[in-house]
Amino acid sequence: MKILLCFGTRPEAIKMAPLYHQLRKDSFFDVKVCVTAQHRQMLDQVLDFFEIVPDYDLDLMQKNQSLNALSARILTGINEVFLEVKPDLVCVHGDTTTSSMVALAAFHNGIKVGHIEAGLRTYNKNSPFPEEINRQITGRLADFHFAPTSWAAENLLQEKVSIENILVTGNTVIDALQLGISKLENNFTCADLDLVKQVVDTTKKVILITGHRRENFGVGFENLCLAIRDLAITETNVQIIYPVHLNPNVQEPVQRILGDVPNVNLIPPVDYPAFLYLMQQSYFIVTDSGGVQEEAPSLGKPVLVTRDTTERPEAIQAGTVELVGTNTETIVAACLRLLHNEKQYQLMSKAHNPYGDGKACEKIINYLVKTDLV
Ligand code: UDP
C-alpha cells in the first residue's frame with residue numbers, strides 16, 4: 001500500500017513520527033512523507049530528533065501569511081505531490097490548516113484519507129480558532145477515523161460516520177513520548193537539552209508554562225503573565241520556566257510583564273527532547289497546549305489549562321487536568337492549591353492517563369493491513 005503522510009507543524013510531526021517509523025518497518029507499506037512546513041523552524045527540530053527526512057517539502061511558511069493564502073498554497077502544492085506519488089492513502093493529523101487542506105485536495109483527487117486523532121470537538125466554531133473547523137472539515141472528508149478515545153469516537157458516530165470506519169487507538173503522542181524518553185535514556189544530547197539542564201534549579205519546585213493559542217492573544221496572555229508575576233513574587237521556593245512561543249502576540253506581553261521578574265526564566269521554545277526533560281523535572285504545568293495535556297499524565301504531572309473550553313474532557317474526568325481559564329486570580333489560586341495542598345497534588349499526579357498506552361500506531365497499522373486499499 002502506498003501511503004503518504006502529510007503534516008506541517010511541530011505537534012503534528014511529533015504525533016506522526018512514531019507512525020512513520022512503525023510503517024517503515026512493515027514491508028506491506030511504501031511510505032512517503034510530505035511536509036508543508038507551515039511552521040518551519042519548530043517542525044525542523046522535530047524532524048531532526050526523530051530522524052525523518054521528508055520526501056517532499058513544500059516549504060510554505062511566510063511571515064504574516066493569512067490563513068487563506070496558506071490554504072491556497074497548500075491546495076496547489078500538495079496537488080503536484082499527489083500527481084507524482086499517486087498514493088492509495090493520505091494520512092493527516094489533527095486540526096491544522098495543513099490537515100484540512102490536504103484532506104480536501106485528496107478528496108478532489110479521489111484519494112482516500114486517514115485522519116489520525118479524529119473526533120475531538122468543542123462544537124464551538126470560534127474556539128479553538130481555527131482548529132475546531134479544521135478538524136471538523138478533515139472529519140467530513142476522511143474515510144478512516146483513528147480516534148484517540150471512545151469519547152472522540154462517540155462524536156464521530158453522532159455525526160453519522162459508519163462504525164466500521166472508526167477505530168479507537170489511543171493517542172500517538174504517547175507512542176512518541178515513549179520513543180522520545182528512550183532516546184533521552186540512551187544519552188541523547190543536543191544544545192537545547194544542555195541549556196535546560198543548566199536552567200533547572202533542582203532545589204525548587206519547577207512550574208513549567210507554555211501558551212500559543214490565538215483565542216488567548218490579548219487579554220488572555222496579559223492575565224496569564226500577571227498571574228505568573230504574582231506567583232513568582234510571593235512564592236520564593238518555586239522556579240517558573242517559560243519557553244515562550246515565537247508568535248509576536250505571545251512575545252510582546254510576556255517580555256513586557258515578565259522580562260525582569262526574579263524566579264522566572266523566559267527561554268526560547270525548546271526542541272522536543274529538551275521539553276520532555278523540562279516536563280520530567282516540573283512539579284506541575286500551566287498550558288493551553290493540547291499535546292502537553294495528553295503527555296503530562298504519563299509523567300505524573302498535573303496540568304492547569306488556561307482555556308475556557310476543551311476538546312479533551314477525558315483528562316478533566318480522569319482528574320489529571322483542571323480547566324482554569326484566563327482570569328488572573330483563578331490561575332494564581334489553582335497554582336497555590338497545587339503547591340500547598342498535598343492531597344490535591346497527589347490526586348492529580350496519580351490519576352491514569354486516558355490518552356492511551358503507547359500502542360496507538362500498532363492499532364492503526366493492523367487496521368490498515370486488514371483494510372485492503374490496493
Ligand atoms: N513542545 C516542545 N517544545 C516546547 C513546547 C512544547 O517540543 O517548547 C511539544 C510538546 O511536548 C507537545 C507539543 O510540542 O508534544 C505540543 O505542541 P503545541 O503546544 O505547539 O500544540 P498543540 O498540542 O496545542 O496542538
Side-chain angles (χ1 to χ4, degrees), residues 7-18 38-50 92-100 116-117 120 122 127-132 134-135 138 148 171-181 183-184 188 190-193 195-196 199-200 206 208-216 241-247 249-251 254 265-282 285-299 301 303 305-307 309-312 315 321 353 355-356 358 360:
F7 47 89
T9 65
R10 172 178 69 191
E12 290 169 273
I14 291 170
K15 290 168 167 181
M16 289 292 237
Q38 186 182 332
H39 292 162
R40 179 80 269 169
Q41 193 188 342
M42 295 205 275
L43 170 75
D44 287 348
Q45 291 175 349
V46 180
L47 296 175
D48 281 353
F49 178 62
F50 284 111
V92 294
H93 181 278
D95 57 20
T96 65
T97 305
T98 292
S99 327
S100 60
I116 319 294
E117 197 182 86
L120 277 65
T122 59
S127 180
F129 174 90
E131 291 89 346
E132 175 67 13
N134 282 334
R135 62 169 79 98
T138 312
N171 198 305
T172 58
V173 79
I174 310 300
D175 306 39
L177 183 79
Q178 292 175 356
L179 198 61
I181 285 176
K183 277 178 175 263
L184 287 188
F188 176 89
C190 65
D192 278 6
L193 189 56
L195 168 95
V196 296
V199 170
V200 171
V206 171
L208 177 61
I209 315 276
T210 82
H212 70 284
R213 288 199 185 263
R214 276 170 197 251
E215 72 201 60
N216 285 343
I241 303 183
Y242 186 171
V244 188
H245 201 276
L246 298 176
N247 190 307
N249 292 296
V250 182
Q251 286 281 338
V254 172
N265 292 83
L266 302 179
I267 58 175
V270 288
D271 59 20
Y272 185 58
F275 194 74
L276 284 183
Y277 177 83
L278 283 177
M279 283 198 290
Q280 286 177 319
Q281 297 302 314
S282 70
I285 303 170
V286 180
T287 187
D288 61 17
S289 160
V292 175
Q293 286 177 65
E294 295 155 346
E295 292 162 334
S298 289
L299 301 169
K301 307 298 174 181
V303 178
V305 176
T306 49
R307 294 185 61 200
T309 51
T310 180
E311 55 287 292
R312 292 173 172 84
V321 160
N353 189 342
Y355 299 109

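Source: prediction; values computed, not measured. All values below come from the heavy atoms of this structure, side chains included, with hydrogens, waters and symmetry mates left out. Read the numbers this way: they start at 1 and go in the same order the structure lists the ligands and their atoms.
- Under the 4.5 Å side-chain criterion, counting only non-hydrogen atoms from C-beta, Val292 is in contact with Met279.
- The protein non-hydrogen atom at the shortest distance from atom 9 (C) of ligand 1 is Ile14 CD1, 3.8 Å.
- At a heavy-atom distance under 4.0 Å, only side-chain atoms of Pro243, from C-beta outward, approach ligand 1.
- Taking the side-chain hydrogen bond (donor to acceptor under 3.5 Å, both in side chains) definition, one finds that Asn353 meets it with Ser298, sequence neighbours left out.
- Protein heavy atom closest to atom 19 (O) of ligand 1, with residue, atom name and distance, is Ser289 OG, 2.7 Å.
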N/O donor-acceptor pairs under 3.5 Å from side chains in residues 39-46, not counting sequence neighbours:
{"from": "Arg40", "atom 1": "NE", "to": "Asp44", "atom 2": "OD1", "distance (Å)": "3.4"}
{"from": "Arg40", "atom 1": "NE", "to": "Asp44", "atom 2": "OD2", "distance (Å)": "3.0"}
{"from": "Arg40", "atom 1": "NH1", "to": "Asp57", "atom 2": "OD1", "distance (Å)": "3.1"}
{"from": "Arg40", "atom 1": "NH1", "to": "Asp57", "atom 2": "OD2", "distance (Å)": "3.2"}
{"from": "Arg40", "atom 1": "NH1", "to": "Asp59", "atom 2": "OD1", "distance (Å)": "2.8"}
{"from": "Arg40", "atom 1": "NH2", "to": "Asp44", "atom 2": "OD1", "distance (Å)": "2.8"}
{"from": "Arg40", "atom 1": "NH2", "to": "Asp57", "atom 2": "OD2", "distance (Å)": "2.9"}

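- Put simply, the side chain of Leu246 reaches to within 4.5 Å of the side chain of Pro269, judged on heavy atoms.
- Under 4.0 angstrom from ligand 1, the non-hydrogen atoms of His212 all belong to its side chain.
- Contact check for Glu294 versus Leu177: no side-chain heavy atoms found under the 4.5 Å cut-off.
- Scanning the protein heavy atoms around atom 14 (O) of ligand 1, the nearest turns out to be Arg10 NE, 3.2 Å.
- When only non-hydrogen protein atoms are considered, atom 22 (P) of ligand 1 lies nearest to Gly290 N, 3.7 Å.
- A salt bridge links Arg135 with Glu132: the closest approach of a Lys/Arg side-chain nitrogen to an acidic carboxylate oxygen falls below 4.0 angstrom.
- When each atom of ligand 1 is checked for a heavy atom of Tyr272 under 4.0 Å away, the hits are 7 (O), 11 (O), 15 (O).
- The closest side-chain heavy-atom distance from Phe7 to Val92 is not below 4.5 Å.
- For atom 21 (O) of ligand 1, the nearest non-hydrogen atom of the protein is Pro11 CG, 3.3 Å.
- In this structure, the protein non-hydrogen atom closest to atom 15 (O) of ligand 1 is Glu295 OE2, 2.5 Å.
- For the pair Val196/Gln281, no side-chain contact is recorded, criterion being any heavy-atom separation below 4.5 Å from C-beta on.
- Residue contacts with ligand 1 include Arg213, since one of its heavy atoms falls under 4.0 Å from the ligand.
- Of the protein's non-hydrogen atoms, Gly291 N, 2.7 Å is the one closest to atom 23 (O) of ligand 1.
- From the protein, the heavy atom lying nearest to atom 8 (O) of ligand 1 is Val270 N, 3.2 Å.
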